[in-house]
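Note sheet for the following structure.
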Amino acid sequence: MENKVVEEKEVDMIPLMTPYKMGNFELSHRVVLAPLTRQRSYGNVPQPHAILYYSQRTTKGGLLIGEATVISESGIGYKDVPGIWTKEQVEAWKPIVNAVHAKGGIFFCQIWHVGRVSNKDFQPNGHDPISCTNKQLIAPIRSDGLDVEQYTPPRRLTIDEIPHIVNDFRVAARNAIEAGFDGVEIHGAHGYLIDQFMKDQVNDRSDKYGGSLENRCRFALEIVEAVANEIGSDRVGIRISPFANYNESGDTNPSSLGLYMAKSLNKYDIAYCHVVEPRMKTAWEKFECVESLVPLRKAFKGTFMVAGGYDREDGNRVVVEDRADLVAYGRLFISNPDLPKRFELNAPLNKYNKETFYTSDPVVGYIDYPVLESMTR
Ligand SMILES: Cc1cc2nc3c(=O)[nH]c(=O)nc-3n(C[C@H](O)[C@H](O)[C@H](O)COP(=O)(O)O)c2cc1C
C-alpha cells in the first residue's frame with residue numbers, strides 16, 4: 001500500500017498541487033481551506049483549541065481562509081462565532097495566526113456582518129437587527145437545515161448610517177492585520193448583510209443603495225475600497241455568491257450581478273475574487289445547472305477562486321481548463337485536516353459528520369479527524 005502511494009506521487013504532479021503566485025503570495029498549491037463557521041468561539045472570543053484546528057489544516061505555502069468573523073456587535077447572528085472588534089478578540093487571534101505562520105501557511109480572515117440573519121437576543125441592547133430593508137426573513141429553518149431560528153424583523157439602515165458600517169469593515173480589517181492575518185476576505189456571500197444589499201429580492205431601497213445594479217453593488221464596492229485603502233489591495237479578497245439564495249437572498253438576474261461585480265472589482269486590484277458555484281443552490285447539495293462562472297472568470301483580471309461541491313477530480317479539471325486559479329474546499333477539509341496531502345497521494349478521504357459541524361465541543365468533530373499517518377500506521 002505504501003509503495004503504491006509513493007509511486008503515484010513520483011509520476012503525478014496533479015494540477016491542484018502546482019504552485020501559484022497570488023500577488024505577493026507564493027502559494028505552493030491551489031487547495032484552499034474554505035471559510036467554515038464552527039461555533040466554538042465561546043462568547044465571540046477565539047479559543048485556544050482553534051490553534052490546533054487551524055494548524056492541522058496548514059501546509060507550507062497553503063492558503064487558509066478563517067471562519068466568518070464578526071466585525072461589530074450588531075453583526076452577530078449565531079452563537080459562539082468569533083469577532084474581531086475588541087482588543088480581547090484581537091489578542092485571542094494572535095496565537096492562532098502565529099501557529100499557522102509557524103507552519104508556513106498564509107492566513108486570511110473572513111470579515112462578516114449578518115445583517116438581518118439575526119434576532120434581538122444577539123443584538124446590543126436587544127435592538128432590531130439591521131439590513132438594507134425592513135423585510136423579515138420568513139424561513140424558520142436555517143440554511144443548513146439543522147437548526148431552527150427565530151428572526152427578528154430588521155430595521156432598514158438610513159443612508160447616513162451606511163458609512164458607519166463601511167467603517168466597521170475597515171476597522172475590522174485593520175484589527176485583522178493587527179492580529180497577524182495576511183489579509184482579509186470580505187464576506188459578500190450567502191445572504192448576509194453585503195449580499196442583502198446586492199440582491200434585488202431583498203434590497204427594496206429607492207436611494208443610491210437600491211434599484212439599479214450599480215446602486216445595489218455600491219455598498220459592497222465601498223467596503224472593498226475602504227478596506228483596500230486601509231490595509232493594501234494586495235491583502236483583500238471578496239467572496240460572493242450571486243447564484244445562491246441562502247437566507248432568502250435570491251436575485252432575478254444573477255449572471256448580470258456576478259458579471260457586474262467581477263468587472264467592477266477590477267478597479268481595486270484586489271488579491272482575489274472568490275465565487276460560490278451556481279450548482280450550490282442550497283448550502284448542502286450540488287445540483288446540475290446551466291449557469292457557469294466562466295464569464296466571471298474571464299471578466300475578472302486577478303486571481304479567481306471557486307468553491308462548492310469540489311472533489312479531487314473536479315478540482316484538477318477546473319484548474320487544467322483554466323476556469324479557476326484556486327479551489328476552496330469546505331466539508332472535505334473539515335474531515336481531512338491533511339487534504340492537500342491526500343489529494344497529492346490520491347489517498348482515501350475521511351467522511352465528514354454533519355452532526356458535529358456546529359456543536360460546541362472543543363475536540364469532537366473539530367480536532368479529532370485523523371491525518372494520513374495515523375491511518376496507515
Ligand atoms: C460547517 C460549515 C460552515 C460554513 N461556514 C461558512 C462561513 O463561515 N463563511 C462562508 O463564506 N461560507 C461558509 N460555509 C460554506 C463553505 O465555505 C463552502 O462554500 C461550502 O461548504 C461548499 O463547499 P464544499 O462543497 O467544499 O463543502 C460553510 C460551510 C459549512 C459546511
Side-chain angles (χ1 to χ4, degrees), residues 35 68 77 110 112-118 129-139 141-144 151 153-154 156-157 162 165-166 169 185-224 237-267 273-300 304-309:
Q110 191 188 48
W112 184 37
H113 192 300
V114 297
R116 68 176 183 163
V117 188
S118 186
I130 55 170
S131 183
C132 60
T133 179
N134 52 20
K135 281 188 293 186
Q136 186 184 3
L137 269 167
I138 317 163
I141 307 291
R142 208 166 73 171
S143 53
D144 58 26
Y151 298 111
R156 185 197 308 266
L157 284 165
I162 292 175
I165 312 294
V166 174
F169 274 96
E185 175 175 288
I186 297 164
H187 194 342
H190 297 163
Y192 297 114
L193 184 62
I194 297 174
D195 202 27
Q196 288 159 29
F197 271 83
M198 283 194 275
K199 299 290 182 61
D200 67 1
Q201 298 301 285
V202 185
N203 187 332
D204 55 0
R205 303 180 74 91
S206 52
D207 59 15
K208 68 173 183 172
Y209 291 96
S212 66
L213 211 42
E214 186 185 357
N215 283 355
R216 281 183 279 121
C217 294
R218 188 182 307 281
F219 179 59
L221 296 172
E222 284 181 353
I223 292 168
V224 171
I238 185 169
R239 185 177 230 208
I240 57 172
S241 59
F243 296 92
N245 63 357
Y246 314 156
N247 297 313
E248 294 161 41
S249 63
D251 194 88
T252 49
N253 196 342
S255 302
S256 298
L257 171 62
L259 201 54
Y260 179 83
M261 279 300 290
K263 285 182 181 162
S264 306
L265 287 168
N266 286 330
K267 272 206 290 285
C273 176
H274 181 180
V275 190
V276 178
E277 286 287 345
R279 63 188 174 193
M280 298 307 284
K281 298 264 184 253
T282 73
W284 305 97
E285 278 167 272
K286 269 196 318 203
F287 290 82
E288 285 308 313
C289 69
V290 290
E291 297 103 329
S292 138
L293 297 182
V294 169
L296 279 68
R297 187 326 181 240
K298 288 189 173 150
F300 184 67
F304 196 72
M305 190 188 312
V306 292

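One is the number of the first residue; the rest follow in order along the sequence. Predicted, not measured: the structure shown is a model, and the values here were computed from it.
His113 is listed as a side-chain neighbour of Ile130, based on a closest heavy-atom distance under 4.5 Å. The shortest distance between side-chain heavy atoms of His274 and Pro35 falls below 4.5 Å. Side-chain contact between Val202 and Cys132 is present, with at least one heavy-atom pair separated by less than 4.5 Å. Contact annotation: the side chain of Phe300 never approaches that of Leu293 to less than 4.5 Å [non-hydrogen atoms, C-beta and beyond]. Side-chain contact between Leu257 and Cys217 is present, with at least one heavy-atom pair separated by less than 4.5 Å. Using a 4.5 Å heavy-atom threshold, the side chains of Ile165 and Phe197 count as separate.
Relative ring orientation between Phe219 and Tyr209 is described as perpendicular, the plane-to-plane angle rising above 60° on a 0-90° scale split at 30° and 60°. A perpendicular orientation is assigned to the rings of His190 and Tyr192, their planes being inclined by more than 60° (bins at 30° and 60°).
The heavy-atom pair separating Pro254 from Pro242 by the smallest distance is CB-O, 3.2 Å. What you find for Pro129 and Pro153 is that their closest heavy atoms are CD-O, 3.9 Å. Counting all heavy atoms, side chain and backbone alike, Asp195 lies closest to Ser241 at OD2-OG, 3.9 Å. Closest approach of Leu265 and Leu221 over heavy atoms only: CD2-CD2, 3.9 Å. Pairing each heavy atom of Ala220 with each of Ile194, the nearest pair is CB-CG2, 3.6 Å.
Distance NE2/His187 to CG/Leu193: 11.0 Å, rounded to 0.5 Å. Remark: Gln196 CD to Glu248 CD distance equals 10.5 Å, nearest 0.5 Å. Note that CE of Met280 is 5.0 Å distant from OH of Tyr246, once rounded to the nearest 0.5 Å. Note that the SG atom of Cys273 and the CD1 atom of Ile186 stand 11.0 Å from one another [nearest 0.5 Å].
Between the side chain of Arg116 and the main chain of Thr133, no donor-acceptor pair closer than 3.5 Å is present. Between the side chain of Glu185 and the main chain of Arg239, no donor-acceptor pair closer than 3.5 Å is present. Here the side chain of Lys199 pairs a donor or acceptor atom with the backbone of Ala244 at under 3.5 angstrom. Between the side chain of Arg205 and the main chain of Leu157, a donor-acceptor pair closer than 3.5 Å is present. Checked by atom type and distance alone, the side chain of Asn266 pairs as donor or acceptor with a backbone atom of Ala299 at under 3.5 Å. Between the side chain of Lys135 and the backbone N or O of Gln201 there is at least one donor-acceptor pair closer than 3.5 Å. Although no hydrogens or angles enter the test, the distance criterion places no donor-acceptor pair under 3.5 Å between the side chain of Glu291 and the main chain of Phe243.
Under the side-chain hydrogen bond (donor to acceptor under 3.5 Å, both in side chains) criterion, the residue pairs touching residues 251-261 are Asp200-Thr252, Arg216-Asp251, Asn253-Ser256, with sequence neighbours excluded.
Shown are Leu296, Ile238, Val275; of these, the side-chain contact (heavy atoms from CB on, under 4.5 Å) with Met261 is made only by Ile238.
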